[in-house]
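What follows is one structure encoded as structure tokens, with my remarks underneath.
The model shown is predicted, which means the values in this text are computed figures rather than measured ones. Indexing begins at 1, ligand by ligand and atom by atom, following the structure's order.
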Amino acid sequence: MKKTILITGANKGIGFEMATQFGKLGHHIILTARDETRLEQAIQKLMEGQIKVEGLMMDVADEESIRNASEKFVQLNLKLDVLINNAAILDKEDRSILQENEDLLLKSLTTNSYGALRVVRAFLPFMKNPSRIINISSEGGSMTDPIGGWAPAYCVSKSMLNAITRHLAAELMPRNISVNAVCPGWVRTDMGGAGATRPVEIGAETPVWLATEAPQTLTGCFFRDKKQIPW
Ligand code: NAP
């Protein structure tokens with residue numbers, strides 16, 4: 001069955017690659033991005049590949065922008081099968097939670113975690129029964145791995161996103177909406193850098209599987225390479 005899939009921060013990187021893979025499977029993409037020019041360029045590229053795509057401007061760090069996007073979404077007269085919270089920021093120079101400035105921590109939380117929650121709240125009225133929410137997280141947010149020394153603001157924001165995933169999974173179970181988190185691994189994108197071990201196609205594989213093939217009953221879990229991993 002063809003699905004309608006909204007992806008945040010999808011003008012490049014893993015978000016754009018997911019859109020490409022979904023599009024090739026014949027799904028309908030709602031591609032969102034915070035910058036109009038980058039949004040249009042991404043849409044153009046997908047349309048050249050005959051992919052069915054609509055664009056929505058949405059800055060996930062800005063509540064008004066999220067509200068505007070959900071109001072525009074109404075005009076498309078669509079319901080969502082899948083919502084993917086992918087947009088995120090990472091400051092690679094951030095080394096110490098004691099020394100980092102407060103702005104960076106707040107900006108990371110507003111974008112990477114609270115932003116995802118706000119997007120869920122805004123688009124929940126359009127989610128089908130059944131449907132799926134996928135939060136692109138990171139093992140950097142894991143509470144079981146060794147912690148410390150690398151991008152604490154980003155890691156804390158992903159821990160919060162993981163906690164939000166668990167709460168949403170519990171609250172949305174009665175509405176038949178599954179909610180899971182995914183770590184894509186270390187992927188060669190602007191965020192991951194040229195030295196990363198994985199191509200973007202592999203980074204997108206697990207969220208694409210979760211959106212299309214995984215059992216709907218899987219909820220409240222954290223995945224990497226299509227396997228459940230500890231939080
Ligand atoms: P990327 O290439 O840097 O892409 C990030 C995307 O997020 C861009 O489209 C960016 O838009 C968008 N974005 C950032 N802030 C936004 C905002 N406020 N509103 C809307 N969009 C915003 O990163 P990526 O590697 O594809 O990362 C995608 C996801 O995978 C992220 O959640 C990341 O944390 C996760 N992840 C990545 C890796 C990795 O190794 N790459 C590892 C673990 C997890 P602009 O172009 O406008 O900046």
Side-chain angles (χ1 to χ4, degrees), residues 6-21 29-43 45-46 55-70 83-92 94 103-104 106-119 122-123 133-142 145 150-162 164-165 180-208 210-211 222-225 229:
L6 186 146
I7 313 171
T8 68
N11 53 293
K12 66 176 182 180
I14 297 169
F16 183 78
E17 175 60 25
M18 286 190 281
T20 307
Q21 293 189 18
I29 313 304
I30 315 300
L31 189 134
T32 79
R34 60 176 161 176
D35 177 273
E36 194 164 14
T37 307
R38 291 195 284 266
L39 174 68
E40 277 166 13
Q41 286 168 347
I43 298 250
K45 267 200 245 168
L46 291 174
L56 272 186
M57 285 273 294
M58 179 158 67
D59 179 344
V60 304
D62 177 351
E63 195 170 14
E64 197 181 330
S65 171
I66 296 173
R67 194 171 45 248
N68 289 341
S70 70
L83 165 60
I84 303 184
N85 283 305
N86 169 74
I89 52 165
L90 160 67
D91 182 341
K92 292 176 193 163
D94 177 28
D103 281 355
L104 175 62
L106 286 177
K107 206 173 154 197
S108 304
L109 293 173
T110 306
T111 307
N112 301 357
S113 4
Y114 203 53
L117 178 58
R118 282 174 163 160
V119 170
F123 284 86
I133 294 170
I134 299 167
N135 294 326
I136 308 299
S137 187
S138 166
E139 278 177 301
S142 170
D145 272 10
W150 180 77
Y154 175 81
C155 292
V156 167
S157 75
K158 292 296 190 181
S159 303
M160 181 170 159
L161 180 62
N162 289 352
I164 287 171
T165 302
N180 291 292
V182 175
C183 174
W186 188 22
V187 181
R188 288 191 291 279
T189 60
D190 286 351
M191 183 183 286
T197 49
R198 299 180 153 204
V200 72
E201 293 81 1
I202 300 295
E205 234 175 35
T206 297
V208 168
L210 257 182
F222 192 16
F223 290 94
R224 179 184 160 127
D225 296 333
I229 56 171

Going through the checks in order, is the side-chain contact (heavy atoms from CB on, under 4.5 Å) test met by N85 and I133?
CA-CA 8 Å; N85 283 305; I133 294 170; 4.2 Å; yes

Atom CG of L109 and atom CG of L161: how far apart are they, to the nearest 0.5 Å?
10.5 Å

Considering non-hydrogen atoms of the protein only, which is the closest contact for atom 4 (O) of ligand 1, and what is the distance?
K12 CE, 3.7 Å

Is the closest heavy-atom distance from S65 to ligand 1 below 4.0 Å?
no

Measure I89 to ligand 1 on non-hydrogen atoms and call it side chain, backbone, both or neither using the 4.0 Å cut-off.
side chain

With a 4.0 Å cut-off, would you call R118 and D62 a salt bridge?
no

Identify, for atom 32 (O) of ligand 1, the protein heavy atom at the shortest distance, and state residue, atom and that distance.
N86 O, 2.7 Å

Could you list the atoms of ligand 1 found under 4.0 angstrom from a heavy atom of G13?
2 (O), 26 (O)

Is the backbone N or O of C155 less than 3.5 Å from a side-chain atom of S159, with the two atoms forming a donor-acceptor pair by type?
yes

Are S157 and N112 close enough that a side-chain donor and a side-chain acceptor fall under 3.5 Å?
yes

Derivation of the side-chain contact (heavy atoms from CB on, under 4.5 Å) call for T32 and I7
CA-CA 6 Å; T32 79; I7 313 171; 6.0 Å; no

Check whether any side-chain N or O of T111 sits under 3.5 Å from a backbone N or O of S108 as a donor-acceptor pair, and report yes or no.
no

D35 heavy atom under 4.0 Å from ligand 1:
no

Answer with yes or no whether S137 contacts ligand 1, where contact means a heavy atom under 4.0 Å from a ligand atom.
yes

If you compare all heavy atoms of F222 against all heavy atoms of S137, which two are closest, and at what distance to 0.1 Å?
CE1-CB, 4.1 Å

In this structure, atom 22 (C) of ligand 1 is nearest to the protein heavy atom A87 CB, 3.6 Å

Closest non-hydrogen protein atom to atom 42 (C) of ligand 1, residue and atom name please, with distance?
G185 O, 3.0 Å

For side-chain contact (heavy atoms from CB on, under 4.5 Å), just list the numbers for N11 and L39, CA-CA rounded to whole Å, side-chain angles, deciding distance to a tenth of an Å, and then say yes or no.
CA-CA 6 Å; N11 53 293; L39 174 68; 5.7 Å; no

Test of proximity, N11 against ligand 1: N or O pairs below 3.5 Å:
yes

Applying a heavy-atom cut-off of 4.0 Å, say which part of Y154 lies close to ligand 1: side chain, backbone, both or neither.
side chain

Checking K92 side chain against M191 main chain: does a donor-acceptor pair fall under 3.5 Å?
yes

Any donor-acceptor pair under 3.5 Å from R188 side chain to A196 backbone
yes

I'd like to know if M58 contacts ligand 1, where contact means a heavy-atom distance under 4.0 Å to any ligand atom.
yes

Need the ligand 1 atom indices (1-based, order shown) with element for anything under 4.0 Å from a heavy-atom of A61.
18 (N)

Residue pair N86 / T8, side-chain donor-acceptor N/O under 3.5 Å
no

Check: of V200, L90, V119, V60, min heavy-atom distance to atom 19 (N) of ligand 1 comes from V60

Counting N and O atoms only, with roles assigned by atom type, does the side chain of R38 sit under 3.5 Å from a partner on the main chain of K12, one being a donor and the other an acceptor?
no

For E201 and Q21, what are the C-alpha separation, side-chain angles and deciding distance, and is it a side-chain contact (heavy atoms from CB on, under 4.5 Å)?
CA-CA 8 Å; E201 293 81 1; Q21 293 189 18; 4.1 Å; yes

Does K158 approach ligand 1 within less than 4.0 angstrom via side chain, backbone, both or neither, non-hydrogen atoms only?
side chain

D59 neighbourhood, listing ligand 1 atoms whose heavy-atom distance to it stays under 4.0 Å:
17 (C), 18 (N), 19 (N)

Do any nitrogen or oxygen atoms of T111 come within less than 3.5 Å of a nitrogen or oxygen of ligand 1?
no

P184 near ligand 1, heavy-atom distance under 4.0 Å?
yes

Under 4.0 Å from a heavy atom of W186: which atoms of ligand 1 are those, numbered in the order shown and with their elements?
40 (O)

For atom 5 (C) of ligand 1, what's the nearest protein heavy atom and its distance?
A88 O, 3.9 Å

Note the single closest protein heavy atom to atom 23 (O) of ligand 1, along with its residue, its atom name and the distance in Å.
M191 CB, 3.3 Å

among protein heavy atoms, the one nearest atom 6 (C) of ligand 1 is G9 O, 3.4 Å

Counting non-hydrogen protein atoms only, what is the nearest one to atom 39 (C) of ligand 1? Give residue, atom name and distance.
V187 N, 3.5 Å

When you compare ligand 1 with I14, is there at least one nitrogen or oxygen pair between them that comes in under 3.5 angstrom?
yes

